[in-house]
Amino acid sequence: AAAPHTRMPVPTPPPPTPPSPAPPADWSPLPSGGEAPFNPLWREYWPYVLKRAYSILGRDDAENAAAEVFLVAWRRLDELPDEPGPWLFGIARRVLANQRRAAGRRHALAERVAGVPEGEQEPTTRPAVLEALAGLSETDRELLLLVAWDGLSVGEAAIALGCTRTAAKVRLHRARRRFRGRLERLE
């Protein structure tokens, strides 16, 4: 006779783990009551930084400069002191100084490209200069930029372009005349 078949007990699974309790409705992983530290900084100081940028750069460049100030602040948020005003205005001072220097370089470039000695005309706006340059032929634009932007002499530009110094001088004179005419029509 065969031995009675014994059944092995089947283990019962453990009871399911109860779900984690939901965090409270006002919970946030961010400090300061659920708001990123950058938000109050931006809300409080944006008008002051923008006003300062307007006073230094004028209307055209102020908003971009102020936005750049807050971009730098965002990147350096881990350095945010307890009293952020002076820290932020230090960032603004450096960004605005860089913007002012860049605007001065653009103005000097416009004067050099137009062949006008520095200080003899009102500053030209950057969009007008860029549009006037864009309207020139590739050869005119290249020669003007080699001399005005890269600071090459006419002889050095001639070597770079593969022509004689005399040809470069004549081409530069004509390119400046065409550029000046375009710029005057745009302003």
- line: Residues passing the side-chain contact (heavy atoms from CB on, under 4.5 Å) test with Asp140, sequence neighbours excluded, are Leu136, Ser137, Ala175, Arg178

- prompt: Taking atom CD of Glu44 and atom CG of Leu88, what is their separation to the nearest 0.5 Å?
  reply: 9.5 Å

- prompt: With under 30° as parallel and over 60° as perpendicular, where do the rings of Phe70 and Trp46 fit, or are they tilted in between?
  reply: tilted

- prompt: How many angstroms lie between atom CD1 of Ile91 and atom CZ of Arg93, to the nearest 0.5 angstrom?
  reply: 11.0 Å

- request: Would you name the heavy atoms of Ala65 and Val95 that are closest together and state the gap between them?
  value: O-CG1, 3.8 Å

Arg176 vs Val147 side-chain heavy atoms within contact, under 4.5 Å: yes

statement: Rounding to 0.5 Å, atoms OH (Tyr45) and CG (Leu50) come to a distance of 16.0 Å

- request: Search all heavy atoms of Tyr54 against all heavy atoms of Ala62 and return the closest pair with its distance.
  value: CD2-CB, 3.2 Å

Nearest-0.5 Å distance, CG of residue Leu145 to CG of residue Leu133: 5.5 Å

task: Check Ala168 against Leu143 and note the closest heavy-atom contact, atom names and distance.
output: O-CD2, 3.7 Å

- prompt: Which salt bridge (Lys or Arg N to Asp or Glu O under 4.0 Å) pairs, counting each pair once, include a residue from residues 162-172, with sequence neighbours left out?
  reply: none

query: In terms of hydrophobic clustering (I, L, V, M, F, W, Y; side-chain heavy atoms under 4.5 Å; direct or indirect links), are Val154 and Ile159 co-clustered?
result: no

- line: CZ of Arg177 to CG of Leu172, rounded to nearest 0.5 Å, is 11.5 Å

- prompt: Any link between Trp42 and Leu71 through a network of hydrophobic side chains (Ile, Leu, Val, Met, Phe, Trp, Tyr) touching at under 4.5 Å?
  reply: no

- prompt: Does Leu77 belong to the same Ile/Leu/Val/Met/Phe/Trp/Tyr cluster as Phe89, with side-chain heavy atoms less than 4.5 Å apart forming each link?
  reply: yes

- request: Check whether Leu41 and Trp74 end up in the same hydrophobic cluster, where Ile, Leu, Val, Met, Phe, Trp and Tyr are linked by side-chain heavy atoms less than 4.5 Å apart.
  value: yes

field: salt bridge (Lys or Arg N to Asp or Glu O under 4.0 Å) partners of residues 79-91, not counting sequence neighbours, each pair once
entry: Arg76-Glu79

- prompt: Closest heavy-atom contact between Ala128 and Leu186?
  reply: O-CD1, 3.5 Å

task: Taking salt bridge (charged side-chain N to carboxylate O under 4.0 Å, His left out) as the test, write out the residues that go with Arg182, two or more places apart.
output: none

- request: Would you please name every residue forming a side-chain contact (heavy atoms from CB on, under 4.5 Å) with Ala97, sequence neighbours left out?
  value: Arg100, Arg101

- prompt: Partners of Arg52 by side chain to side chain donor-acceptor pair (under 3.5 Å), sequence neighbours excluded?
  reply: none

